[in-house]
Amino acid sequence: MDCNYLVWTAYSGLGNRILTIASAFLYAILTNRVLLVDGGKGTAYLFCEPFPGTSWFLPSDFPIKQFKNFSVGSPESYGNMLKTKVVHSSPAFLYLHLAHDYSDYDKLFFCEDNQQYLQTIPWLILKSDNYFVPSLFLIPAYQEELMRLFPQRDVVFHHLGRYLFQPSNVVWGMITRYYDSYLARADEKLGIQIRVFDTETGPFQHVLDQVLACTLKEHLLPEVNTQEPIVPPRKARSKVVLVTSLNSGYYENLRNMYWEHPTTNGETISFHQPSHEEHQNSGKKMHNMKAWAEIYLLSLSDVMVTSAWSTFGYVAQGLSGLKPWLLFRPENRTAPDPPCRQVLSMEPCFHAPPFYDCKAKRGVDTGKLVPHVRHCEDMSWGLKLVDQS
Ligand code: GDP
């Protein structure tokens with residue numbers, strides 16, 4: 001009873017879940033809370049316990065079902081309490097709705113005065129699908145501690161992620177078997193993560209065009225010679241390309257292109273895609289384990305290409321410590337020009353940040369307040385941490 005708690009509830013896809021657990025953990029450190037993780041949606045099978053001799057999972061008799069149905073409209077949410085002005089002096093718990101559809105009232109969570117009030121509540125129940133760390137850096141009360149914890153601002157998720165998320169033995173088996181069989185022996189490993197946000201499954205020609213335009217322009221893949229069958233001299237150098245996607249079409253096209261034609265520089269290129277699950281199915285155990293194994297395998301690349309807006313890609317990039325080439329989001333099913341750019345930092349993007357000056361009580365561009373919190377490359381309204389030094 002001496003402790004205060006933060007309960008993380010399982011919600012959304014795996015990339016989102018990993019980013020929100022990391023955000024929740026950092027918030028728990030800043031506010032002296034114990035983080036408790038809901039093992040639902042297969043989360044319990046994916047990770048080893050990060051803290052020796054104890055468990056971060058909610059005890060099995062915890063009445064989590066009671067809290068699962070909370071949403072943006074729930075009267076128990078802090079946002080709705082602020083909206084209706086019925087803020088009780090000391091409720092036993094409060095629900096924090098920090099998901100993509102949250103209201104301006106929910107966003108007041110990021111104001112220092114409200115943080116002071118939240119300190120008095122023993123149990124906070126969190127539902128989020130956002131990497132909300134960048135906005136924690138804008139709350140004055142936490143700035144000193146954050147600077148001490150992360151003197152280099154653009155490695156927050158890199159450190160939190162590598163500390164918290166160790167694959168469980170089953171997933172580690174999947175990772176090492178795949179790595180040893182297909183990736184380990186190459187001179188260079190290129191990871192290409194293709195995430196398409198479209199109602200149809202694809203494959204789409206414009207996405208393939210974009211991937212090729214990016215990888216050829218940035219010299220991540222060599223050109224092919226369509227005129228001659230063999231281009232000497234053959235180099236011993238080999239490159240493996242790990243493709244991850246829900247669809248197998250991109251991988252098949254790329255692999256065929258480099259089978260049918262020689263590379264102009266003699267490099268040997270092989271393509272591998274561990275799975276093609278077709279549809280997101282985030283409640284299923286094996287589906288989640290494959291997704292986690294693929295995120296981790298991507299993070300072992302030497303060079304990476306990731307897709308805009310995708311938290312799956314952000315996690316791979318953060319764990320790897322690389323600055324990937326980011327494929328811009330296509331509009332009207334057309335490959336964007338330029339097709340990609342290298343990101344400013346390995347940090348994930350906060351997709352739904354507040355734009356509010358808590359002191360002045362008016363709107364403000366929160367991407368312009370301090371040098372280390374900037375707008376993202378792939379989402380103009382998103383926020384990400386960058387290192388200015
Ligand atoms: P986001 O939607 O791209 O931000 O990433 P999430 O990880 O939150 O949700 C997408 C989910 O779809 C993943 O967790 C997987 O379940 C599935 N998925 C998407 N892309 C891939 C992929 O390349 N490989 C696998 N195995 N699953 C994927």
Side-chain angles (χ1 to χ4, degrees), residues 8-23 40-43 45-47 98-101 127-132 157 161 165 167 170-171 174-175 177-178 182 190-204 207-208 211 241-252 254 271-301 304-320 324 326-330 347-352 376 378-379 382 384:
W8 174 91
T9 57
Y11 175 62
S12 191
L14 180 60
N16 292 85
R17 275 182 274 157
I18 291 177
L19 295 183
T20 54
I21 293 179
S23 310
K41 284 194 148 239
T43 312
Y45 302 105
L46 300 174
F47 310 110
L98 301 184
H100 60 277
D101 60 348
K127 186 187 271 184
S128 176
D129 52 4
N130 268 302
Y131 180 70
F132 55 83
F157 180 74
F165 305 109
V170 206
V171 180
M174 293 169 75
I175 293 166
R177 280 190 295 282
Y178 201 90
Y182 304 108
L190 167 66
I192 305 184
Q193 183 241 351
I194 305 176
R195 176 80 166 120
V196 180
F197 296 96
D198 198 292
T199 45
E200 284 173 45
T201 54
F204 297 101
V207 175
L208 182 64
V211 171
V241 185
L242 174 74
V243 180
T244 70
S245 173
L246 286 171
N247 191 290
S248 60
Y250 308 105
Y251 150 78
E252 280 162 15
L254 290 165
F271 291 86
H272 305 279
Q273 179 169 344
S275 78
H276 50 98
E277 292 283 285
E278 314 303 333
H279 299 284
Q280 177 171 344
N281 202 340
S282 297
K284 268 206 161 166
K285 191 170 156 187
M286 185 44 87
H287 175 87
N288 276 310
M289 293 203 292
K290 286 182 178 168
W292 178 213
E294 285 174 38
I295 290 175
Y296 203 96
L297 284 165
L298 274 174
S299 81
L300 302 175
S301 310
M304 216 189 304
V305 176
T306 54
S307 294
W309 290 30
S310 174
T311 58
F312 189 105
Y314 295 158
V315 175
Q317 131 192 344
L319 294 179
S320 74
L326 187 117
L327 297 161
F328 292 117
R329 196 177 149 100
E347 275 288 299
C349 176
F350 179 8
H351 286 172
C376 313
D378 53 337
M379 191 177 271
K384 74 183 284 183

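For ligands, and for the atoms within them, numbers begin at 1 and follow the listed sequence.
For the residue pair E347 / Y131, a side-chain donor-acceptor distance below 3.5 Å is found, with atom types taken as modelled. Side chain to side chain, E278 and T201 fail the donor-acceptor criterion of an N or O pair below 3.5 Å. Between S282 and Q280, the side chains place a donor N or O and an acceptor N or O closer than 3.5 Å (distance only, hydrogens not considered).
Looking at residues two or more places apart in sequence or on another chain, you find a side-chain contact (heavy atoms from CB on, under 4.5 Å) between A99 and Y11, H97, D101, D129.
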Atom pairs and distances, ligand 1 N/O vs protein N/O under 3.5 Å:
unit_1, atom_1, unit_2, atom_2, d
ligand 1, 2 (O), R195, NE, 3.4
ligand 1, 2 (O), R195, NH2, 2.8
ligand 1, 3 (O), R195, NE, 2.6
ligand 1, 3 (O), S310, OG, 2.6
ligand 1, 4 (O), T311, N, 2.8
ligand 1, 4 (O), T311, OG1, 2.6
ligand 1, 5 (O), T311, OG1, 3.1
ligand 1, 5 (O), F312, N, 3.4
ligand 1, 7 (O), L14, N, 3.4
ligand 1, 7 (O), G15, N, 2.7
ligand 1, 8 (O), G15, N, 3.3
ligand 1, 8 (O), N16, N, 3.1
ligand 1, 8 (O), N16, OD1, 2.4
ligand 1, 8 (O), T311, OG1, 3.1
ligand 1, 14 (O), L14, N, 3.1
ligand 1, 16 (O), H287, NE2, 2.5
ligand 1, 23 (O), S245, N, 2.9
ligand 1, 24 (N), E294, OE1, 2.8
ligand 1, 26 (N), S275, OG, 3.4
ligand 1, 26 (N), E294, OE1, 3.3
ligand 1, 26 (N), E294, OE2, 3.3

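For the side chain to side chain donor-acceptor pair (under 3.5 Å) with Y314, the lone residue among T306, D378, N16 that qualifies is D378.
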side-chain contact (heavy atoms from CB on, under 4.5 Å) between I21 and F165, worked out: CA-CA 10 Å; I21 293 179; F165 305 109; 3.8 Å; yes

